[in-house]
Amino acid sequence: MQQHYQFDAIVIGSGPGGEGAAMGLVKQGARVAVIERYNNVGGGCTHWGTIPSKALRHAVSRIIEFNQNPLYNNSRTLSATFPDILRHADSVINQQTRMRQGFYERNQCKLFAGDARFIDANTVSVSYKDGTQDTIRADHIVIACGSRPYHPASVDFTHPRIYDSDSILELNHEPRHVLIYGAGVIGCEYASIFRGLNVKVDLINTRDRLLAFLDQEMSDSLSYHFWNNGVVIRHNEEFEKIEGTEDGVIVHLKSGKKVKADCLLYANGRTGNTDSLGLENVGLESDSRGLLKVNSMYQTAVAHIYAVGDVIGYPSLASAAYDQGRIAAQAISSGAASGHLIEDIPTGIYTIPEISSVGKTEQELTAMKVPYEVGRAQFKHLARAQIAGMNVGSLKILFHRDTLQILGIHCFGERAAEIIHIGQAIMEQKGEGNTIEYFVNTTFNYPTMAEAYRVAALNGLNRLF
Ligand SMILES: Cc1cc2nc3c(=O)[nH]c(=O)nc-3n(C[C@H](O)[C@H](O)[C@H](O)COP(=O)(O)OP(=O)(O)OC[C@H]3O[C@@H](n4cnc5c(N)ncnc54)[C@H](O)[C@@H]3O)c2cc1C
């Protein structure tokens, strides 16, 4: 029999955006219903996106380390297949799911395991797998339904050798050659994973360079390392036709070329999960990519309905989605949000080697006519990197040559996504605390990767005249 529930707030989706909103709201004493259509909490982040890809990448980079380091390998070679390393990802996904389920239980957040759809601006129906339905009414609603891989109509994703970034996690054969269409962050991360498993990789880029939003040196370094490791990159290409065959896939490019491989990972674009939400019943409309518009408090055009995470587009990161959820919860509880997302959100790209950046690139500063100077450190000159065998990598600090204010930090190499936070913390300081001089006036542990900041700062300050 259909039940009718009443709550203070409804959250649609249990990814980082939904979790941030739900936890923020319950901490303020609200009675919260969370609706999740997948059979576990955690969202795309835990089950198909961030967590599995990072766990796979970790397994591959440890295999590479083992094989390259004479300390371990003793002339033995470790090898693994994609299905082998998926088992490691599964165990991390299970730990994450259990932990997140615990958050909802401890905080008495009621979970509804079904598909949410608006009936009117304050009522949402939940459809369960057995065909039954309940309805929930609430004063406030947070849409945190995430996004999914974009599927062009002309590509047959039902073909057993054509994958997207979700279905690749079900790959159960051992491809010797993978074709990746789309060289954005996801495409580049999977290129590293497959190449690290000794699989031939062709990476088809629809743009003229890899990850064009990065500082050009970082993007060029990635291109070089891919090239050096045998990844074949084709820039400025678009597909004419994607043909699934019995034992693989042939991609016909508009330039006339044909590329054949054992399987295809299509990783070109994402779409917001708004099509089945019944937005028309509340007077909301998504754009052509399924995304919703919000203001700085994450309010949609309907004031008591909020949206956070991938469904609002940029930056489409788990890190930001969680903070957006908490800010929306604050706005709902207190009528306004005192918090806001930081302006310089760091980028962490888990390719092999890893890349991380915060702040402006050299190209942006040049276009803005900012008189900046550059300080550099090479990992190969750092004691800690030599000890750990992490010689590939560099750190670059961009700073204003008059005020010495840090304007951008770009790191390439193992642990870059962690190393960046040292510089980010200084960059975020107010007043005069955010200058490059911090790194020469402080004492860091030695030997550490943080020494890269001191070396880069001295290098940069020595360039001033
Ligand atoms: C391969 C890959 C790698 C990534 N790597 C990183 C990374 O390293 N770092 C990073 O910060 N970000 C990364 N991301 C991005 C990150 O995963 C997303 O930004 C993040 O998951 C967005 O969180 P969200 O809460 O908006 O949505 P999601 O995590 O997608 O959660 C949305 C949830 O809503 C549910 N849902 C949808 N519609 C309904 C409905 N109608 N009713 C009920 N439930 C519904 C879905 O089932 C899902 O569980 C990666 C993404 C991918 C695909």
Side-chain angles (χ1 to χ4, degrees), residues 10-22 33-58 89 96-97 100 111-118 124-129 136 141-150 163-169 180 182 184-193 265 267-279 290-292 294 298 306-326 328 345-351 354-356 416-417:
I10 299 170
V11 175
I12 302 173
S14 68
E19 184 184 304
V34 174
I35 311 174
E36 172 54 62
R37 69 178 170 199
Y38 187 61
N39 48 14
N40 276 312
V41 297
C45 170
T46 302
H47 299 284
W48 315 285
T50 315
I51 298 297
S53 60
K54 263 72 277 180
L56 293 171
R57 188 242 180 234
H58 179 80
Q96 282 284 313
T97 307
R100 304 203 170 283
L111 277 169
F112 290 83
D115 220 305
R117 186 177 170 84
F118 284 100
V124 176
S125 68
V126 189
S127 303
Y128 303 107
K129 288 210 174 87
I136 313 175
I141 298 168
V142 181
I143 303 173
C145 58
S147 63
R148 61 176 183 271
Y150 169 66
Y163 299 93
D164 63 27
S165 64
D166 290 354
S167 60
I168 195 75
L169 300 169
I180 300 179
V185 176
I186 296 173
C188 287
E189 289 186 357
Y190 271 103
S192 296
I193 291 170
L265 166 58
N268 206 31
R270 295 187 66 83
T271 310
N273 288 326
T274 45
D275 44 342
S276 64
L277 275 181
L279 291 178
L291 304 180
L292 289 168
V294 290
Y298 303 102
Y306 291 69
V308 297
D310 278 14
V311 73
I312 61 167
Y314 178 84
S316 291
L317 289 172
S319 47
Y322 190 82
D323 293 340
Q324 291 167 348
R326 290 191 72 89
I345 297 170
T347 315
I349 299 162
Y350 297 83
T351 41
E354 204 166 288
I355 304 172
S356 195

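Computed from a predicted structure; not experimentally measured. First listed ligand is number 1; within each ligand, the first listed atom is number 1.
Residue-to-ligand polar distances keep Ser165 apart from ligand 1: every N/O pair is separated by 3.5 Å or more. Of the N or O atoms in Cys45, one or more lie within a sub-3.5 Å distance of an N or O in ligand 1. Residue Asn273 places no N or O, backbone or side chain, under 3.5 Å from any N or O of ligand 1. Residue Gly17 places at least one N or O, backbone or side chain, under 3.5 Å from an N or O of ligand 1. In terms of polar-atom proximity, defined here as any N/O pair under 3.5 Å, Glu189 makes no such contact with ligand 1. Residue Gly309 has no nitrogen or oxygen atom sitting less than 3.5 Å from a nitrogen or oxygen atom of ligand 1, judged on distance alone. In terms of polar-atom proximity, Tyr190 is not counted as a contact of ligand 1, lacking any N or O under 3.5 Å from an N or O of the ligand. Inclusion of Gly44 in the set of residues having an N or O under 3.5 Å from an N or O of ligand 1 is warranted.
Among protein heavy atoms, atom 7 (C) of ligand 1 sits closest to Thr50 CG2, 3.3 Å. The protein non-hydrogen atom at the shortest distance from atom 11 (O) of ligand 1 is Ala318 N, 2.9 Å. Among all protein heavy atoms, the one lying closest to atom 44 (N) of ligand 1 is Arg37 N, 3.1 Å.
When each of Asp310, Asp275, Asp166, Asp164 is checked for a side-chain hydrogen bond (donor to acceptor under 3.5 Å, both in side chains) with Arg148, only Asp275 meets the rule.
Without hydrogens or angle criteria, Glu354 side chain to Ala417 main chain gives a donor-acceptor distance under 3.5 Å. With hydrogens and angles disregarded, no donor-acceptor distance shorter than 3.5 Å links the side chain of Gln96 to the backbone of Thr46. Between the side chain of Ser14 and the backbone N or O of Gly42, at least one donor-acceptor pair lies under 3.5 Å. Formation of a donor-acceptor pair under 3.5 Å by the Thr351 side chain with backbone atoms of Ser192 is not found in this model. Side chain of Arg57 to main chain of Ile193: no donor-acceptor pair is present (N/O by atom type, distance under 3.5 Å, no hydrogens or angles).
Within the 4.0 Å heavy-atom shell around ligand 1 one does not find Gly20. At least one heavy atom of Arg270 sits closer than 4.0 Å to an atom of ligand 1. Under the 4.0 angstrom criterion for non-hydrogen atoms, Ser53 is in contact with ligand 1. The closest approach between any non-hydrogen atom of Val311 and ligand 1 is not below 4.0 Å.
Here Leu277 has side-chain heavy atoms under 4.0 Å from ligand 1, and that is the only part of it that gets that close. At a 4.0 Å heavy-atom cut-off, ligand 1 touches Ala116 through backbone and side chain alike.
For Ala33 against Phe112, the heavy-atom pair with the smallest separation is CB-CE1, 3.6 Å.
Ring geometry for His47 versus Tyr38: interplanar angle of 30 to 60°, hence tilted.
Each of the atoms 23 (O) of ligand 1 lies under 4.0 Å from some heavy atom of Ala321.
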